[in-house]
Number of protein chains: 2
Amino acid sequence: MTSLRHLAELAGVSEMSVSRALRDVPGVSAETRARIKALAEEYHFRPDLRARGQLSGNSRILGCILPSITYGFYARMLNGVLRQAVQDDYRVITFQTYSDPQETLAAIYHLIDQRVDALLLNSVHPEPLSRKVMAAMRSHHMALVSLDATPTALPVDEVRLDEEHLAESAVEYLYELGHRRIGFLGVDRMLGRKLRLAALQRSFQHRGLTTDYFTEPTATSLEAFHVPSAGFKALLGRCASAFLGIMQSPVPPTALIVSSEPIIVHIHQTALRHGITIPQQLSLLGYVDFDLACILTPAVTTVGLQPEEIGRQAVIQAITRREARAKGEELPPVLIKVPGTIAVRESCGPAPK
Amino acid sequence: MTSLRHLAELAGVSEMSVSRALRDVPGVSAETRARIKALAEEYHFRPDLRARGQLSGNSRILGCILPSITYGFYARMLNGVLRQAVQDDYRVITFQTYSDPQETLAAIYHLIDQRVDALLLNSVHPEPLSRKVMAAMRSHHMALVSLDATPTALPVDEVRLDEEHLAESAVEYLYELGHRRIGFLGVDRMLGRKLRLAALQRSFQHRGLTTDYFTEPTATSLEAFHVPSAGFKALLGRCASAFLGIMQSPVPPTALIVSSEPIIVHIHQTALRHGITIPQQLSLLGYVDFDLACILTPAVTTVGLQPEEIGRQAVIQAITRREARAKGEELPPVLIKVPGTIAVRESCGPAPK
DNA sequence: CACCCTTGTGCCATTCCAAAT
DNA sequence: TATTTGGAATGGCACAAGGGT
């Protein structure tokens with residue numbers, strides 16, 4: 001209700017004077033300024049960022065589209081986004097898409113309509129972001145950063161894990177512990193799966209390790225990625241079966257790399273239930289870091305990256321890109337690979353003889 | 001870049017006609033409309049919601065302030081908020097405060113400056129929201145909903161757990177299973193702790209049960225609520241000690257109610273490590289629902305509410321309040337108690353003889 | 001010539017009212 | 001008279017000029 005105009009009338013000066021007084025820019029006498037400030041305080045005046053944004057051309061809002069914020073990995077990614085955004089004085093509008101391309105599209109248009117300065121996009125579905133939407137975003141000067149290997153029709157700034165480094169760290173760590181039969185348990189529908197698999201295979205092969213213990217249960221539908229769903233439970237069941245299958249083979253692996261939070265937890269618990277001791281009998285290595293890793297007993301060693309870092313870097317890149325464009329500079333798309341670090345806990349040990 | 005004005009020039013008509021054509025309101029010839037729509041499509045025109053909002057007085061944005069979005073409970077709450085908001089065509093700006101009153105205040109002013117229609121506030125710190133901020137919000141027609149017992153200087157709409165119902169469900173469930181010595185493990189700094197404790201005590205007392213097995217380890221600082229922090233680990237250690245202390249008493253409880261996600265997981269794992277069998281020797285009842293409850297082995301029975309429901313109800317109430325105010329109606333503050341339901345899994349069984 | 005302050009203009013879309021066909 | 005179309009004012013703010021002392 002209280003606007004510049006209103007305040008100006010109360011103070012008996014023009015809107016401009018009020019504006020200047022409150023922004024602490026010169027051009028108002030100290031006395032007038034004090035009077036205006038007192039009035040602003042009294043009437044709880046706050047400048048309208050929307051109006052300001054219309055003039056400046058920036059809303060100082062970022063859009064962030066994620067598959068699901070209750071999934072630990074994405075929650076932490078969003079955490080990184082939020083922290084960095086606050087630090088740089090940006091607000092964040094978040095959307096969940098549940099991996100639905102329709103939802104993604106709707107969310108993007110909502111964000112365009114709000115004139116957000118940039119969009120951080122993490123969409124799990126394999127359909128790349130269409131040229132048309134990208135053109136729409138571009139024509140509204142919206143920067144786009146692809147998170148975690150989200151496919152796009154045209155090249156854009158991208159922040160993702162350093163899969164090569166991740167694979168090397170993981171395999172090297174287990175190799176040094178003496179492991180020669182190492183398994184990998186992933187999910188076939190995972191985004192960035194090809195990248196990850198290729199990196200792992202390379203790391204295995206140049207050490208002469210077999211990839212026979214790789215297994216990827218099928219996620220029958222995207223529903224399988226909602227943690228409390230029936231499809232998810234079925235997926236877990238399939239993972240447990242695959243796991244037990246490998247462990248009951250004549251020459252079972254001595255170490256296993258597992259790539260997704262809830263699956264790690266489930267395998268961890270399944271192993272314990274079936275009397276497979278960790279790490280004596282089997283070294284379990286989480287291929288992503290997660291909060292509960294240190295709470296489980298034995299605590300799970302991970303080579304995960306901090307997902308926060310992806311979010312943080314993405315915000316920085318988005319802002320950089322946006323500001324460069326405002327100056328008319330157009331640099332080629334950037335690929336930022338976030339390295340992972342090993343968090344040694346209790347679930348990996350030397351290979352049994 | 002492409003605005004109504006721009007489009008109007010291109011089409012050789014007035015801004016008005018463009019506005020009407022695109023909103024599908026009558027007053028434009030079919031031919032003109034088609035021409036304008038084609039142009040809008042071609043130039044990726046999208047109306048600016050900020051400008052629209054200035055006129056209508058609503059931004060169709062909600063603010064949501066939470067302690068931490070990586071904490072499962074709040075993540076799920078935000079999930080509920082986001083789902084309901086999307087359904088009602090609202091966007092959500094989220095802030096994390098890490099329970100810091102300063103951050104909360106800053107976030108609120110940011111949200112006022114964005115002219116969000118309503119604020120959903122969940123702040124863990126015990127200092128109530130000051131009258132001054134509340135007045136500022138009010139003077140900007142911003143609705144406020146307090147989530148989960150967040151204290152405020154003046155009464156406002158509030159959505160929180162139905163602690164009385166929750167306590168009754170939990171105690172009744174265990175009582176029916178034959179348990180007479182039931183423990184409770186909480187954290188002393190928790191918000192809404194008084195409410196919860198009182199409700200539990202009442203449920204215990206009218207069944208003649210002792211509350212001797214209640215214990216509340218101290219969270220030395222708010223840092224203890226960040227899951228991966230050192231303070232948090234120390235808190236976990238204190239919980240485990242308290243737990244083992246109770247279990248080693250001459251007459252240990254046969255059932256234990258535990259009230260926070262990571263602590264439940266830790267107690268679950270600690271019990272297993274110390275050879276305390278669940279549910280044979282000890283029935284473990286989670287006092288909050290969480291995603292991993294079904295993944296742990298044995299799976300954890302919970303009486304938790306779905307935190308999503310708090311978020312969902314809060315959005316509905318916020319919008320209701322906002323719309324009522326727009327009509328000049330001012331109803332007294334509402335208290336919505338969200339009931340919890342028992343999710344029976346494997347961690348509770350009949351009391352041992 | 002400083003300094004204070006006001007006027008006019010623009011951003012983007014909408015509502016209400018007037019004018020053309 | 002009905003239908004289409006245009007103008008002016010609105011909302012909230014800020015920037016570029018210009019009028020006063």
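Just so we're on the same page: letters track the sequence lines, and every chain starts at 1.
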Measure from [atom1] on [X] to [atom2] on [N] and round the result to the nearest Å.
| X | N | atom1 | atom2 | value |
| --- | --- | --- | --- | --- |
| N58(A) | dC11(C) | CG | P | 15 Å |
| Q114(B) | dG12(D) | CD | P | 15 Å |
| D48(B) | dG11(D) | CG | P | 18 Å |
| I112(A) | dC12(C) | CD1 | P | 15 Å |
| L4(A) | dA14(D) | CG | C1' | 9 Å |
| F45(B) | dC11(C) | CZ | P | 14 Å |
| L7(A) | dA14(D) | CG | C1' | 16 Å |
| D24(B) | dA13(C) | CG | P | 16 Å |

Query raised in the report: Are any of the side-chain nitrogens in K132(B) or E41(A) under 4.0 Å away from the carboxylate oxygens of its partner?
Result: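 Between E41(A) and K132(B) there is a salt bridge, with a charged N closer than 4.0 Å to a carboxylate O.
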**Report entry** Contacts of T32(B) that satisfy side-chain hydrogen bond (donor to acceptor under 3.5 Å, both in side chains) - sequence neighbours left out
**Finding:**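 In terms of side-chain hydrogen bond (donor to acceptor under 3.5 Å, both in side chains), with neighbours along the sequence ignored, T32(B) is linked to S29(B).
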It should be established whether [X] places a side-chain nitrogen or oxygen under 4.0 Å from OP1 or OP2 of nucleotide [N].
| X | N | value |
| --- | --- | --- |
| S19(A) | dC13(D) | no |
| R52(B) | dG12(D) | no |
| R5(B) | dC11(C) | yes |

Requested in this report: State which of dA13(C), dC13(D), dA14(D) makes the closest approach to the side chain of R23(A).
Outcome: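 Looking only at side-chain atoms, R23(A) lies closest to dA14(D).
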Query raised in the report: Looking at dT10(D), dA14(D), dC12(C), which one has an atom nearest to any side-chain atom of L55(B)?
Result: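 Output: dT10(D).
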Query raised in the report: Between the two ends of the helix from dA2(C)-dT21(D) to dT21(C)-dA2(D), what is the bend in degrees, rounded to 10 degrees, where each end axis spans five pairs?
Result: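 Inter-axis angle at the termini of the helix from dA2(C)-dT21(D) to dT21(C)-dA2(D): 70°.
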Residue pair [X] / [Y], side-chain donor-acceptor N/O under 3.5 Å:
| X | Y | value |
| --- | --- | --- |
| H125(B) | T104(B) | yes |
| R23(B) | S19(B) | yes |
| Q317(B) | Q313(B) | no |

Distances under 3.5 Å between nitrogen or oxygen atoms of protein and nucleotides 3-8 of chain D:
residue: dT5(D); atom: OP1; partner: T32(B); partner atom: OG1; Å: 3.0
residue: dT5(D); atom: OP2; partner: S29(B); partner atom: N; Å: 2.9
residue: dT5(D); atom: OP2; partner: S29(B); partner atom: OG; Å: 3.4
residue: dT5(D); atom: OP2; partner: T32(B); partner atom: OG1; Å: 3.3
residue: dG6(D); atom: OP2; partner: S14(B); partner atom: N; Å: 2.8
residue: dG6(D); atom: OP2; partner: S14(B); partner atom: OG; Å: 3.2
residue: dG6(D); atom: OP2; partner: S17(B); partner atom: OG; Å: 3.1
residue: dG6(D); atom: N7; partner: R20(B); partner atom: NH2; Å: 3.3
residue: dG6(D); atom: O6; partner: R20(B); partner atom: NH2; Å: 3.4

Report task. Verify side-chain contact (heavy atoms from CB on, under 4.5 Å) between L147(B) and L121(B), making sure each step is shown before the conclusion. Result -> CA-CA 6 Å; L147(B) 296 183; L121(B) 178 65; over 6 Å; no
Query raised in the report: What residues form a ring pair (Phe, Tyr, Trp, His ring centres under 6.0 Å) with H110(A), not counting sequence neighbours?
Result: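 Scan of H110(A) (ring pair (Phe, Tyr, Trp, His ring centres under 6.0 Å), adjacent residues dropped) gives F95(A).
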Query raised in the report: Residues in salt bridge (charged side-chain N to carboxylate O under 4.0 Å, His left out) with R91(B), at least two apart?
Result: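 D89(B).
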Requested in this report: List for me each residue that meets salt bridge (charged side-chain N to carboxylate O under 4.0 Å, His left out) alongside E330(A), sequence neighbours excluded, and say none if there are none.
Outcome: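 For E330(A) the salt bridge (charged side-chain N to carboxylate O under 4.0 Å, His left out) partners, ignoring immediate neighbours, are R138(A), R321(A), R325(A).
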